[in-house]
Amino acid sequence: MMLIDLLNGDQITAVPHATQYCDWLSRLSEGELLKIKDELNGMISCDEVHTSSWMPGSDWTGTPFQPIYEKAARSSFDAARKCFGLMVWQTFMERPDEWSFKKAEQGDRDFSGTVYFRVNAT
């Protein structure tokens, strides 16, 4: 499992905000969690760079991500956004290939997402 902090080379082994994250996940079924992780891993496997806030698209209706909003976050847009971001973090953390990350930004504008990029891509 490899999510690496490039500033110090440490392997990341924990999800931030673990208490709140576990609370959100407890509202999802095992099947829903599996579908979400499968969808994320499918997305991740296709490219070398990903921005978490751009991955799910703006309309989650009919996607594996819909239960995050409806159930985990209890229809709170802000909570769903945060929960999704932590699910992305965990998915990258659990992958066998090496990835790192940085806060997304564009010029003077900061984005709420995180940019993940493959380390030592072949």
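What you see is a predicted model, and the numbers here were worked out from it, not measured in a lab. If you read the sequence from its start, that first residue is 1, and numbering goes on from there.
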Between Ser52 and Thr114, is there a donor-acceptor pair closer than 3.5 Å when you use the side chain of the first and the backbone of the second? yes
Quick one: closest heavy-atom pair of Val49 and Trp99, and the distance? N-CZ3, 4.4 Å
Taking only distance into account, with no hydrogens and no angle test, what donor-acceptor pairs under 3.5 Å do side-chain atoms of residues 14-22 form with protein atoms, sequence neighbours excluded?
unit_1	atom_1	unit_2	atom_2	d
Tyr21	OH	Gln90	OE1	2.4

For Glu70, all residues meeting side chain to side chain donor-acceptor pair (under 3.5 Å), sequence neighbours excluded: Gln66
Residue from Leu33, Leu25, Thr63, Ile36 passing side chain to side chain contact (heavy atoms under 4.5 Å, CB included) with Ile68: Ile36
Quick one: does Ser76's side chain have a donor or acceptor within less than 3.5 Å of a partner on Ala79's backbone? yes
d(Thr91 OG1, Asn41 CG) to nearest 0.5 Å is 6.0 Å
Decide if the gap between the ring center of Phe101 and the ring center of Phe92 is smaller than 6.0 angstrom. no
Can you tell me how far the NZ atom of Lys71 sits from the OG atom of Ser26, to the nearest 0.5 Å? 10.5 Å
Compare every heavy atom of Val88 with every heavy atom of Leu40, then report the nearest pair and how far apart it is. CD2-CG2, 4.0 Å
I need the minimum non-hydrogen distance between Met43 and His50, along with the two atoms involved. O-CE1, 3.0 Å
To the nearest 0.5 Å, atom CD of Gln11 lies from atom CG of Asp5 at 11.5 Å
Give, for atom CG of Asp10 and atom CD1 of Ile4, the distance between the pair rounded to the nearest 0.5 Å. 8.5 Å
Does Arg95 form a side-chain contact (heavy atoms from CB on, under 4.5 Å) with Met2? I'd like the steps, not just the answer. CA-CA 6 Å; Arg95 289 185 59 85; Met2 285 294 203; over 6 Å; no
So with a 6.0 Å cut-off around NZ of Lys35, is the heavy-atom count from everything else above 12? no
Value for CZ (Phe65) from CG (Asp59), rounded to nearest 0.5 Å, stands at 12.5 Å
Pairing residues for Lys82 by the side chain to side chain donor-acceptor pair (under 3.5 Å) criterion, not counting sequence neighbours: Asp78
So which atom in Leu6 and which in Ser100 form the shortest heavy-atom distance, rounded to 0.1 Å? CG-OG, 3.1 Å
For a quick test of reading the model, state the closest non-hydrogen atom pair linking Arg27 to Ala72 and the distance between them. NH1-O, 2.5 Å
Walk me through it: do Phe84 and Tyr69 pass the test side-chain contact (heavy atoms from CB on, under 4.5 Å)? CA-CA 9 Å; Phe84 177 83; Tyr69 175 76; over 6 Å; no
Measure across Trp60 and Pro56 and return the closest heavy-atom pair with its distance rounded to 0.1 Å. NE1-CB, 3.2 Å
